[in-house]
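Note on naming: letters A, B, ... go to the chains in the order of the sequence lines (proteins, then strands), and numbering restarts at 1 for each one. Reckoned from all heavy atoms, side chains included, excluding hydrogens, waters and symmetry mates.
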2 protein chains.
Amino acid sequence: MKLHQHIQKFTASGDEIVQSIIQKFTCIHTRKKELLLGEGERCTDYFYVETGCLRLYFVDEKGAEQTIQFALEGWWLTDLDAFHKNAAAAYSIQVLEGGTVMKINKPALDELMKKYPVLENYFRQVYQRSYSAALYRFKTLRMSKESSYDLFESNYPDFIQRIPQKMLASFLGFTPEYLSELRKRKAGKK
Amino acid sequence: MKLHQHIQKFTASGDEIVQSIIQKFTCIHTRKKELLLGEGERCTDYFYVETGCLRLYFVDEKGAEQTIQFALEGWWLTDLDAFHKNAAAAYSIQVLEGGTVMKINKPALDELMKKYPVLENYFRQVYQRSYSAALYRFKTLRMSKESSYDLFESNYPDFIQRIPQKMLASFLGFTPEYLSELRKRKAGKK
DNA sequence: GTCATTTCTTAAACCAGCTTAAGTTTTTTT
DNA sequence: AAAAAAACTTAAGCTGGTTTAAGAAATGAC
(Lines give C-alpha, C1' and ligand atoms only; values in the text may rest on other atoms or scores of the structure.)
Protein backbone atom coordinates (compact mmCIF):
# COMPACT_ATOMS: atom_id res chain seq x y z
CA MET A 1 0.00 0.00 0.00
CA LYS A 2 1.28 3.44 -0.98
CA LEU A 3 2.17 5.72 1.89
CA HIS A 4 -0.38 8.40 1.08
CA GLN A 5 -3.16 5.79 1.02
CA HIS A 6 -1.92 4.44 4.31
CA ILE A 7 -2.02 7.84 5.96
CA GLN A 8 -5.47 8.51 4.57
CA LYS A 9 -6.72 5.14 5.73
CA PHE A 10 -5.55 5.78 9.30
CA THR A 11 -6.51 9.43 9.59
CA ALA A 12 -9.28 10.00 7.04
CA SER A 13 -7.71 13.31 6.09
CA GLY A 14 -7.87 15.36 2.90
CA ASP A 15 -5.89 14.65 -0.23
CA GLU A 16 -4.10 18.01 -0.30
CA ILE A 17 -2.69 17.80 3.19
CA VAL A 18 -1.50 14.26 2.61
CA GLN A 19 0.09 15.27 -0.68
CA SER A 20 2.07 18.03 0.97
CA ILE A 21 3.22 15.60 3.64
CA ILE A 22 4.25 12.97 1.10
CA GLN A 23 6.40 15.47 -0.78
CA LYS A 24 8.91 15.51 2.04
CA PHE A 25 9.58 11.80 1.72
CA THR A 26 12.07 10.21 -0.63
CA CYS A 27 11.07 7.22 -2.68
CA ILE A 28 13.77 4.57 -3.16
CA HIS A 29 13.90 1.30 -5.08
CA THR A 30 15.43 -1.50 -3.11
CA ARG A 31 17.26 -4.65 -4.23
CA LYS A 32 17.50 -7.98 -2.51
CA LYS A 33 20.39 -8.13 0.02
CA GLU A 34 20.93 -4.36 -0.08
CA LEU A 35 21.78 -2.83 3.30
CA LEU A 36 19.67 0.22 4.18
CA LEU A 37 21.30 0.65 7.57
CA GLY A 38 24.45 -0.91 9.00
CA GLU A 39 25.08 -1.63 12.68
CA GLY A 40 27.26 1.17 14.05
CA GLU A 41 26.30 3.73 11.38
CA ARG A 42 24.38 6.83 12.31
CA CYS A 43 20.71 6.02 11.92
CA THR A 44 19.29 8.91 9.89
CA ASP A 45 16.21 7.47 8.20
CA TYR A 46 12.87 5.95 8.93
CA PHE A 47 11.56 3.52 6.30
CA TYR A 48 8.05 2.75 5.13
CA VAL A 49 7.66 -0.34 2.97
CA GLU A 50 5.33 0.12 0.00
CA THR A 51 6.30 -3.15 -1.65
CA GLY A 52 8.89 -5.79 -0.82
CA CYS A 53 10.23 -6.80 2.56
CA LEU A 54 12.88 -5.64 5.04
CA ARG A 55 14.44 -7.14 8.14
CA LEU A 56 15.99 -5.64 11.27
CA TYR A 57 18.76 -7.76 12.76
CA PHE A 58 21.92 -7.74 14.83
CA VAL A 59 24.99 -9.95 15.02
CA ASP A 60 25.30 -11.77 18.33
CA GLU A 61 28.43 -12.65 20.35
CA LYS A 62 28.84 -15.88 18.37
CA GLY A 63 28.63 -14.10 15.04
CA ALA A 64 25.13 -15.31 14.18
CA GLU A 65 22.57 -12.93 12.71
CA GLN A 66 19.54 -12.51 14.94
CA THR A 67 16.43 -11.17 13.25
CA ILE A 68 14.38 -8.90 15.50
CA GLN A 69 11.69 -7.76 13.12
CA PHE A 70 10.39 -8.08 9.58
CA ALA A 71 8.63 -5.26 7.74
CA LEU A 72 6.21 -6.16 5.01
CA GLU A 73 4.06 -3.85 2.89
CA GLY A 74 2.47 -1.17 5.06
CA TRP A 75 4.95 -1.36 7.95
CA TRP A 76 7.51 1.09 9.23
CA LEU A 77 11.03 0.11 10.21
CA THR A 78 14.13 1.66 11.73
CA ASP A 79 16.29 1.42 14.81
CA LEU A 80 13.78 3.63 16.62
CA ASP A 81 15.96 4.50 19.54
CA ALA A 82 18.97 5.44 17.43
CA PHE A 83 16.78 7.35 14.97
CA HIS A 84 15.25 9.57 17.63
CA LYS A 85 18.54 10.12 19.43
CA ASN A 86 20.40 10.59 16.14
CA ALA A 87 22.83 7.96 17.37
CA ALA A 88 24.73 4.91 16.10
CA ALA A 89 22.50 2.01 15.15
CA ALA A 90 22.46 -1.15 17.27
CA TYR A 91 20.88 -3.05 14.38
CA SER A 92 21.22 -3.43 10.64
CA ILE A 93 18.41 -3.25 8.11
CA GLN A 94 18.58 -5.43 5.05
CA VAL A 95 16.31 -5.88 2.04
CA LEU A 96 14.88 -9.40 1.90
CA GLU A 97 12.72 -8.75 -1.12
CA GLY A 98 13.21 -5.81 -3.45
CA GLY A 99 10.49 -3.22 -3.97
CA THR A 100 9.81 0.43 -3.22
CA VAL A 101 10.37 2.12 0.12
CA MET A 102 9.63 5.65 1.31
CA LYS A 103 12.13 7.21 3.67
CA ILE A 104 12.41 10.36 5.73
CA ASN A 105 15.05 11.81 8.03
CA LYS A 106 14.59 13.08 11.58
CA PRO A 107 14.62 16.88 11.02
CA ALA A 108 12.10 16.58 8.19
CA LEU A 109 9.84 14.32 10.24
CA ASP A 110 9.99 16.62 13.27
CA GLU A 111 9.03 19.56 11.11
CA LEU A 112 6.11 17.69 9.55
CA MET A 113 4.89 16.56 12.97
CA LYS A 114 4.82 20.13 14.20
CA LYS A 115 3.05 21.39 11.12
CA TYR A 116 0.46 18.63 10.63
CA PRO A 117 -1.39 17.37 13.69
CA VAL A 118 -2.83 14.65 11.51
CA LEU A 119 0.62 13.12 11.37
CA GLU A 120 0.84 12.96 15.17
CA ASN A 121 -2.39 11.07 15.05
CA TYR A 122 -1.07 8.79 12.31
CA PHE A 123 2.11 7.90 14.14
CA ARG A 124 0.29 7.49 17.42
CA GLN A 125 -1.72 4.77 15.72
CA VAL A 126 1.28 3.26 13.99
CA TYR A 127 3.23 2.99 17.25
CA GLN A 128 0.19 1.73 19.09
CA ARG A 129 -0.20 -1.07 16.57
CA SER A 130 3.52 -1.85 16.70
CA TYR A 131 3.63 -1.99 20.48
CA SER A 132 0.53 -4.09 20.58
CA ALA A 133 2.09 -6.55 18.13
CA ALA A 134 5.24 -6.58 20.25
CA LEU A 135 3.27 -7.59 23.36
CA TYR A 136 1.73 -10.42 21.42
CA ARG A 137 5.12 -11.54 20.22
CA PHE A 138 6.50 -11.60 23.76
CA LYS A 139 3.71 -14.01 24.52
CA THR A 140 4.48 -16.32 21.62
CA LEU A 141 8.19 -16.28 22.51
CA ARG A 142 7.31 -17.79 25.88
CA MET A 143 5.85 -20.86 24.33
CA SER A 144 7.76 -23.93 23.15
CA LYS A 145 9.59 -23.50 19.85
CA GLU A 146 7.09 -25.78 18.20
CA SER A 147 4.01 -23.81 19.34
CA SER A 148 5.76 -20.62 18.40
CA TYR A 149 6.25 -21.92 14.88
CA ASP A 150 2.70 -23.24 14.60
CA LEU A 151 1.31 -19.88 15.61
CA PHE A 152 3.45 -18.02 13.13
CA GLU A 153 2.44 -20.42 10.40
CA SER A 154 -1.27 -19.93 11.08
CA ASN A 155 -0.93 -16.14 11.37
CA TYR A 156 1.21 -15.61 8.29
CA PRO A 157 0.77 -18.61 5.98
CA ASP A 158 1.77 -16.65 2.84
CA PHE A 159 4.75 -14.97 4.37
CA ILE A 160 6.36 -18.30 5.19
CA GLN A 161 6.57 -19.04 1.46
CA ARG A 162 8.21 -15.70 0.73
CA ILE A 163 11.24 -15.74 2.97
CA PRO A 164 14.20 -18.09 3.32
CA GLN A 165 13.73 -20.59 6.12
CA LYS A 166 16.86 -19.51 7.90
CA MET A 167 15.45 -15.99 8.26
CA LEU A 168 12.30 -17.36 9.81
CA ALA A 169 14.34 -19.58 12.15
CA SER A 170 16.35 -16.57 13.22
CA PHE A 171 13.18 -14.54 13.81
CA LEU A 172 11.56 -17.26 15.89
CA GLY A 173 14.75 -17.69 17.87
CA PHE A 174 16.05 -21.06 16.80
CA THR A 175 18.59 -22.64 14.47
CA PRO A 176 17.87 -23.45 10.82
CA GLU A 177 18.74 -27.08 11.56
CA TYR A 178 16.09 -27.30 14.21
CA LEU A 179 13.48 -25.70 11.98
CA SER A 180 14.28 -28.26 9.34
CA GLU A 181 13.77 -31.06 11.84
CA LEU A 182 10.50 -29.53 13.02
CA ARG A 183 9.12 -29.33 9.51
CA LYS A 184 10.10 -32.90 8.81
CA ARG A 185 8.30 -34.04 11.94
CA LYS A 186 5.20 -32.08 10.96
CA ALA A 187 5.18 -33.38 7.40
CA GLY A 188 5.25 -36.91 8.79
CA LYS A 189 2.23 -36.29 11.01
CA LYS A 190 -0.06 -35.24 8.19
CA MET B 1 5.59 10.92 39.07
CA LYS B 2 2.06 12.26 39.05
CA LEU B 3 0.23 11.96 35.76
CA HIS B 4 -0.21 15.70 35.22
CA GLN B 5 3.50 16.26 35.71
CA HIS B 6 4.22 13.47 33.30
CA ILE B 7 2.00 14.95 30.60
CA GLN B 8 3.54 18.38 31.14
CA LYS B 9 7.04 16.97 30.98
CA PHE B 10 6.37 15.28 27.63
CA THR B 11 4.31 18.00 26.00
CA ALA B 12 5.28 21.23 27.72
CA SER B 13 1.65 22.31 27.75
CA GLY B 14 -0.26 24.71 30.01
CA ASP B 15 -1.52 23.86 33.47
CA GLU B 16 -5.19 24.51 32.70
CA ILE B 17 -5.39 22.16 29.75
CA VAL B 18 -3.62 19.42 31.66
CA GLN B 19 -5.93 19.92 34.64
CA SER B 20 -9.03 19.47 32.50
CA ILE B 21 -7.54 16.32 31.00
CA ILE B 22 -6.65 14.88 34.41
CA GLN B 23 -10.19 15.35 35.65
CA LYS B 24 -11.42 12.58 33.41
CA PHE B 25 -9.13 10.05 35.06
CA THR B 26 -9.94 8.07 38.17
CA CYS B 27 -7.37 7.74 40.91
CA ILE B 28 -7.23 4.37 42.67
CA HIS B 29 -5.20 3.03 45.56
CA THR B 30 -3.78 -0.40 44.94
CA ARG B 31 -2.82 -3.19 47.31
CA LYS B 32 -0.22 -5.89 46.86
CA LYS B 33 -1.59 -8.95 45.00
CA GLU B 34 -4.77 -7.15 43.92
CA LEU B 35 -5.93 -8.04 40.39
CA LEU B 36 -6.68 -4.99 38.22
CA LEU B 37 -7.54 -7.07 35.18
CA GLY B 38 -8.21 -10.80 34.86
CA GLU B 39 -7.50 -12.92 31.79
CA GLY B 40 -10.79 -13.39 29.94
CA GLU B 41 -12.49 -10.30 31.39
CA ARG B 42 -13.40 -7.39 29.18
CA CYS B 43 -10.47 -4.99 29.26
CA THR B 44 -12.00 -1.58 29.94
CA ASP B 45 -9.21 0.45 31.52
CA TYR B 46 -5.78 1.80 30.83
CA PHE B 47 -3.55 2.25 33.88
CA TYR B 48 -0.87 4.80 34.66
CA VAL B 49 1.35 4.01 37.65
CA GLU B 50 2.07 7.01 39.90
CA THR B 51 3.59 4.94 42.68
CA GLY B 52 4.00 1.20 43.21
CA CYS B 53 4.41 -1.51 40.61
CA LEU B 54 2.21 -3.62 38.33
CA ARG B 55 2.81 -6.67 36.18
CA LEU B 56 1.16 -8.01 33.02
CA TYR B 57 1.19 -11.80 32.76
CA PHE B 58 -0.59 -14.82 31.34
CA VAL B 59 -0.88 -18.43 32.38
CA ASP B 60 0.77 -20.83 29.95
CA GLU B 61 -0.30 -24.33 28.83
CA LYS B 62 1.51 -25.87 31.80
CA GLY B 63 -0.19 -23.57 34.29
CA ALA B 64 2.86 -21.40 34.96
CA GLU B 65 2.52 -17.61 35.15
CA GLN B 66 4.53 -15.87 32.47
CA THR B 67 5.31 -12.21 33.09
CA ILE B 68 5.31 -10.14 29.92
CA GLN B 69 5.83 -6.68 31.32
CA PHE B 70 6.38 -4.70 34.52
CA ALA B 71 5.12 -1.16 35.02
CA LEU B 72 6.95 1.04 37.48
CA GLU B 73 6.28 4.67 38.34
CA GLY B 74 5.67 6.68 35.17
CA TRP B 75 4.65 3.78 32.93
CA TRP B 76 1.35 2.85 31.33
CA LEU B 77 -0.04 -0.65 31.30
CA THR B 78 -2.97 -2.54 29.85
CA ASP B 79 -3.71 -5.33 27.41
CA LEU B 80 -3.44 -2.79 24.58
CA ASP B 81 -5.04 -4.89 21.94
CA ALA B 82 -8.05 -5.87 24.07
CA PHE B 83 -8.42 -2.32 25.36
CA HIS B 84 -8.65 -0.78 21.91
CA LYS B 85 -10.92 -3.49 20.56
CA ASN B 86 -12.97 -3.52 23.74
CA ALA B 87 -12.40 -7.26 23.87
CA ALA B 88 -11.60 -10.02 26.37
CA ALA B 89 -8.14 -9.72 27.88
CA ALA B 90 -5.45 -12.23 26.95
CA TYR B 91 -3.46 -11.20 30.03
CA SER B 92 -3.97 -10.40 33.69
CA ILE B 93 -2.68 -7.36 35.52
CA GLN B 94 -1.64 -7.74 39.13
CA VAL B 95 -0.32 -5.32 41.72
CA LEU B 96 3.20 -6.24 42.79
CA GLU B 97 3.66 -3.26 45.07
CA GLY B 98 0.80 -1.13 46.35
CA GLY B 99 0.55 2.58 45.53
CA THR B 100 -1.60 4.93 43.48
CA VAL B 101 -2.69 4.39 39.92
CA MET B 102 -4.65 6.57 37.50
CA LYS B 103 -7.06 4.84 35.17
CA ILE B 104 -9.27 5.77 32.24
CA ASN B 105 -11.70 3.88 30.03
CA LYS B 106 -11.79 3.77 26.25
CA PRO B 107 -14.72 6.12 25.50
CA ALA B 108 -13.31 8.77 27.83
CA LEU B 109 -9.84 8.45 26.34
CA ASP B 110 -11.16 8.66 22.78
CA GLU B 111 -13.05 11.80 23.63
CA LEU B 112 -10.04 13.41 25.26
CA MET B 113 -7.85 12.52 22.28
CA LYS B 114 -10.24 14.23 19.92
CA LYS B 115 -10.52 17.31 22.07
CA TYR B 116 -6.90 17.79 23.07
CA PRO B 117 -4.26 17.42 20.33
CA VAL B 118 -1.67 17.65 23.06
CA LEU B 119 -2.78 14.24 24.24
CA GLU B 120 -2.21 12.70 20.81
CA ASN B 121 1.28 14.05 21.04
CA TYR B 122 1.68 12.68 24.54
CA PHE B 123 0.57 9.17 23.65
CA ARG B 124 2.55 9.19 20.44
CA GLN B 125 5.63 9.69 22.61
CA VAL B 126 4.53 7.16 25.20
CA TYR B 127 3.98 4.46 22.56
CA GLN B 128 7.17 5.39 20.81
CA ARG B 129 9.11 4.89 24.01
CA SER B 130 7.31 1.62 24.73
CA TYR B 131 7.92 0.20 21.30
CA SER B 132 11.53 1.26 21.42
CA ALA B 133 11.95 -0.52 24.75
CA ALA B 134 10.26 -3.58 23.29
CA LEU B 135 12.77 -3.74 20.43
CA TYR B 136 15.58 -3.60 22.95
CA ARG B 137 14.03 -6.38 24.96
CA PHE B 138 13.72 -8.61 21.90
CA LYS B 139 17.44 -8.18 21.56
CA THR B 140 18.21 -9.13 25.15
CA LEU B 141 15.91 -12.16 24.88
CA ARG B 142 18.14 -13.51 22.12
CA MET B 143 21.14 -13.70 24.38
CA SER B 144 21.97 -16.49 26.80
CA LYS B 145 19.92 -16.50 29.99
CA GLU B 146 22.98 -15.44 31.92
CA SER B 147 23.72 -12.39 29.73
CA SER B 148 20.07 -11.51 29.81
CA TYR B 149 20.14 -11.47 33.60
CA ASP B 150 23.40 -9.50 33.74
CA LEU B 151 21.98 -6.85 31.46
CA PHE B 152 18.80 -6.52 33.48
CA GLU B 153 20.85 -6.26 36.65
CA SER B 154 22.98 -3.46 35.29
CA ASN B 155 20.01 -1.59 33.80
CA TYR B 156 17.73 -1.85 36.84
CA PRO B 157 19.87 -2.49 39.92
CA ASP B 158 17.28 -1.07 42.33
CA PHE B 159 14.32 -2.79 40.81
CA ILE B 160 15.87 -6.21 41.41
CA GLN B 161 15.70 -5.55 45.14
CA ARG B 162 12.03 -4.58 44.97
CA ILE B 163 10.44 -7.59 43.35
CA PRO B 164 10.31 -11.28 44.29
CA GLN B 165 12.92 -13.31 42.44
CA LYS B 166 10.38 -15.60 40.90
CA MET B 167 8.74 -12.63 39.18
CA LEU B 168 12.05 -11.62 37.71
CA ALA B 169 12.73 -15.18 36.59
CA SER B 170 9.35 -15.28 34.90
CA PHE B 171 10.02 -11.94 33.19
CA LEU B 172 13.41 -13.02 31.91
CA GLY B 173 11.95 -16.28 30.71
CA PHE B 174 13.47 -18.86 33.00
CA THR B 175 12.64 -20.91 36.08
CA PRO B 176 13.12 -19.62 39.65
CA GLU B 177 15.34 -22.64 40.31
CA TYR B 178 17.67 -21.67 37.52
CA LEU B 179 17.81 -18.05 38.66
CA SER B 180 18.76 -19.26 42.11
CA GLU B 181 21.56 -21.34 40.64
CA LEU B 182 22.75 -18.41 38.52
CA ARG B 183 22.94 -16.12 41.51
CA LYS B 184 24.84 -18.69 43.50
CA ARG B 185 27.35 -19.07 40.70
CA LYS B 186 27.77 -15.28 40.45
CA ALA B 187 28.19 -14.85 44.19
CA GLY B 188 30.95 -17.46 44.08
CA LYS B 189 32.84 -15.64 41.34
CA LYS B 190 33.15 -12.39 43.25
C1' DG C 1 4.28 -14.57 69.14
C1' DT C 2 3.01 -18.67 66.77
C1' DC C 3 1.26 -21.08 62.86
C1' DA C 4 0.57 -21.14 57.90
C1' DT C 5 1.83 -19.74 53.57
C1' DT C 6 4.84 -18.33 50.24
C1' DT C 7 9.44 -17.83 48.58
C1' DC C 8 14.07 -19.41 48.00
C1' DT C 9 17.75 -22.98 47.75
C1' DT C 10 20.05 -27.31 46.46
C1' DA C 11 20.95 -31.19 43.83
C1' DA C 12 20.16 -35.11 40.74
C1' DA C 13 17.96 -36.82 36.64
C1' DC C 14 16.38 -35.47 32.36
C1' DC C 15 15.29 -33.34 27.71
C1' DA C 16 14.46 -29.68 24.11
C1' DG C 17 17.07 -27.57 21.25
C1' DC C 18 22.09 -26.64 19.79
C1' DT C 19 26.49 -27.98 17.52
C1' DT C 20 29.02 -30.13 14.31
C1' DA C 21 29.78 -32.10 10.09
C1' DA C 22 28.79 -34.00 5.70
C1' DG C 23 25.76 -34.46 1.88
C1' DT C 24 21.93 -32.63 -1.25
C1' DT C 25 19.26 -29.22 -3.50
C1' DT C 26 18.37 -24.69 -5.10
C1' DT C 27 19.66 -20.19 -6.57
C1' DT C 28 22.82 -16.95 -8.43
C1' DT C 29 26.51 -15.58 -11.30
C1' DT C 30 29.05 -15.60 -15.39
C1' DA D 1 25.10 -24.25 -19.50
C1' DA D 2 28.50 -24.68 -16.15
C1' DA D 3 30.49 -23.29 -11.97
C1' DA D 4 30.03 -21.20 -7.58
C1' DA D 5 27.56 -19.89 -3.80
C1' DA D 6 23.88 -20.13 -0.78
C1' DA D 7 20.16 -22.65 1.37
C1' DC D 8 18.32 -26.84 3.17
C1' DT D 9 18.54 -31.65 5.21
C1' DT D 10 19.99 -35.38 8.18
C1' DA D 11 21.82 -37.50 12.09
C1' DA D 12 24.83 -38.22 16.13
C1' DG D 13 26.57 -36.23 20.27
C1' DC D 14 26.20 -32.69 23.62
C1' DT D 15 24.72 -28.93 26.94
C1' DG D 16 22.04 -25.10 28.99
C1' DG D 17 18.30 -24.99 31.26
C1' DT D 18 14.03 -27.68 33.15
C1' DT D 19 11.82 -30.87 36.25
C1' DT D 20 11.14 -32.92 40.38
C1' DA D 21 11.46 -33.20 45.09
C1' DA D 22 12.64 -32.00 49.66
C1' DG D 23 14.33 -28.81 53.07
C1' DA D 24 15.34 -23.91 54.78
C1' DA D 25 14.16 -19.17 55.18
C1' DA D 26 11.22 -15.35 54.98
C1' DT D 27 6.75 -13.19 55.11
C1' DG D 28 2.05 -12.72 56.39
C1' DA D 29 -2.17 -13.75 59.20
C1' DC D 30 -4.47 -14.09 63.40
Side-chain angles (χ1 to χ4, degrees), chain A residues 30-35 53 55 57 59-67 70 94-98 140-153 159-190, chain B residues 30-35 53 55 57 59-67 70 94-98 140-153 159-190:
Chain A
T30 59
R31 287 199 187 167
K32 198 169 179 174
K33 296 198 180 171
E34 185 184 344
L35 215 60
C53 177
R55 69 189 266 249
Y57 69 95
V59 178
D60 71 16
E61 48 244 353
K62 293 179 188 161
E65 293 183 357
Q66 299 287 344
T67 302
F70 294 122
Q94 189 193 34
V95 179
L96 275 190
E97 213 176 70
T140 66
L141 288 175
R142 286 304 167 77
M143 303 169 173
S144 70
K145 306 276 169 173
E146 183 163 358
S147 314
S148 189
Y149 174 79
D150 288 346
L151 220 48
F152 190 89
E153 193 184 30
F159 187 47
I160 286 197
Q161 317 300 340
R162 281 172 62 178
I163 53 166
Q165 271 186 51
K166 59 178 246 184
M167 297 293 170
L168 177 58
S170 138
F171 178 76
L172 293 175
F174 41 84
T175 59
E177 291 82 3
Y178 186 65
L179 176 54
S180 197
E181 198 187 313
L182 249 185
R183 287 169 63 100
K184 187 184 168 193
R185 226 159 62 208
K186 286 188 185 302
K189 277 188 192 163
K190 284 173 197 167
Chain B
T30 59
R31 285 198 190 168
K32 199 170 176 173
K33 294 198 181 172
E34 186 183 343
L35 215 60
C53 176
R55 68 188 265 250
Y57 69 96
V59 178
D60 70 16
E61 48 244 352
K62 292 180 189 161
E65 292 182 355
Q66 298 287 345
T67 302
F70 294 121
Q94 188 193 35
V95 178
L96 274 190
E97 211 176 70
T140 66
L141 288 175
R142 287 304 169 77
M143 303 170 174
S144 70
K145 307 275 169 174
E146 182 161 358
S147 313
S148 188
Y149 173 79
D150 288 345
L151 220 47
F152 190 89
E153 193 183 32
F159 187 47
I160 286 198
Q161 318 299 337
R162 280 171 64 178
I163 52 166
Q165 273 185 50
K166 58 178 242 181
M167 299 291 169
L168 178 58
S170 137
F171 178 75
L172 294 175
F174 42 84
T175 60
E177 292 81 4
Y178 185 65
L179 176 55
S180 198
E181 198 186 313
L182 250 186
R183 287 168 63 98
K184 187 183 168 194
R185 226 160 60 208
K186 285 186 185 302
K189 277 190 193 162
K190 283 172 197 165

* **Lys/Arg N to Asp/Glu carboxylate O, A/Glu153 vs A/Lys186, below 4.0 Å** => no
* **Pair A/Tyr149 + A/Phe174: ring centers closer than 6.0 Å** => no
* **Rounded interatomic separation in angstrom, taking NZ from A/Lys166 and P from D/dA6** => 9 Å
* **Most 5' of A/Lys32 and B/Pro176 on DNA chain C, judged by nearest nucleotide** => B/Pro176
* Asked: C/dT20, C/dT9, C/dC18: which one has an atom nearest the side-chain heavy atoms of A/Glu177?
  -> C/dT20
* To do: For A/Gln165 and C/dT27, give me the distance from atom CD to atom C1', rounded to whole Å.
  => 15 Å
* Does a side-chain N or O from A/Lys62 land closer than 4.0 Å to OP1 or OP2 of C/dC18, or not? -> no
* To do: Select one nucleotide: of C/dA11, C/dC18, D/dG17, the one nearest the side-chain heavy atoms of B/Ser144.
  => D/dG17
* May I ask you to say whether B/Glu181 pairs ionically with B/Lys145, meaning some side-chain N is under 4.0 Å from a carboxylate O? => no
* Donor-acceptor contact present, side-chain B/Thr67 to main-chain B/Ser170, <3.5 Å -> no
* In whole angstroms, how far is the P atom of D/dA12 from the CD atom of A/Glu181? -> 11 Å
* **Spacing of B/Leu182 atom CG relative to C/dT9 atom C1', expressed in whole Å** => 13 Å
* Structure fact -> Separation of C/dT7 atom P from B/Arg183 atom CZ, nearest Å, is 15 Å
* Asked: OP1, OP2 of D/dT18 versus side-chain N and O of B/Thr175: anything below 4.0 Å?
  -> yes
* To the side chain of B/Ser180, which of D/dT10, C/dT9, D/dC8 is closest? -> C/dT9
* To do: Take B/Gly173 and A/Leu179, find for each the nucleotide of DNA chain D with the closest heavy atom, and name the residue whose nucleotide sits nearer the 5' end.
  => A/Leu179
* To do: Describe the nucleic acid contact of B/Tyr178 in one word from base, sugar-phosphate, nothing, applying a heavy-atom distance below 4.0 Å.
  => base
* Can any side-chain N or O of A/Arg31 pair as donor or acceptor with the backbone N or O of A/Val95 at less than 3.5 Å? -> no
* The side chain of A/Lys145 lies closest to which of these nucleotides: C/dT19, C/dG17, C/dT9? -> C/dG17
* Structure fact -> A/Lys184 atom NZ is separated from C/dG17 atom C1', nearest whole Å, by 16 Å
* Rounded distance (Å) that lies between atom P of C/dT7 and atom CG of B/Leu96 -> 11 Å
* For the pair made of CG in A/Leu168 and C1' in D/dC8, what is the distance, rounded to whole Å? -> 13 Å
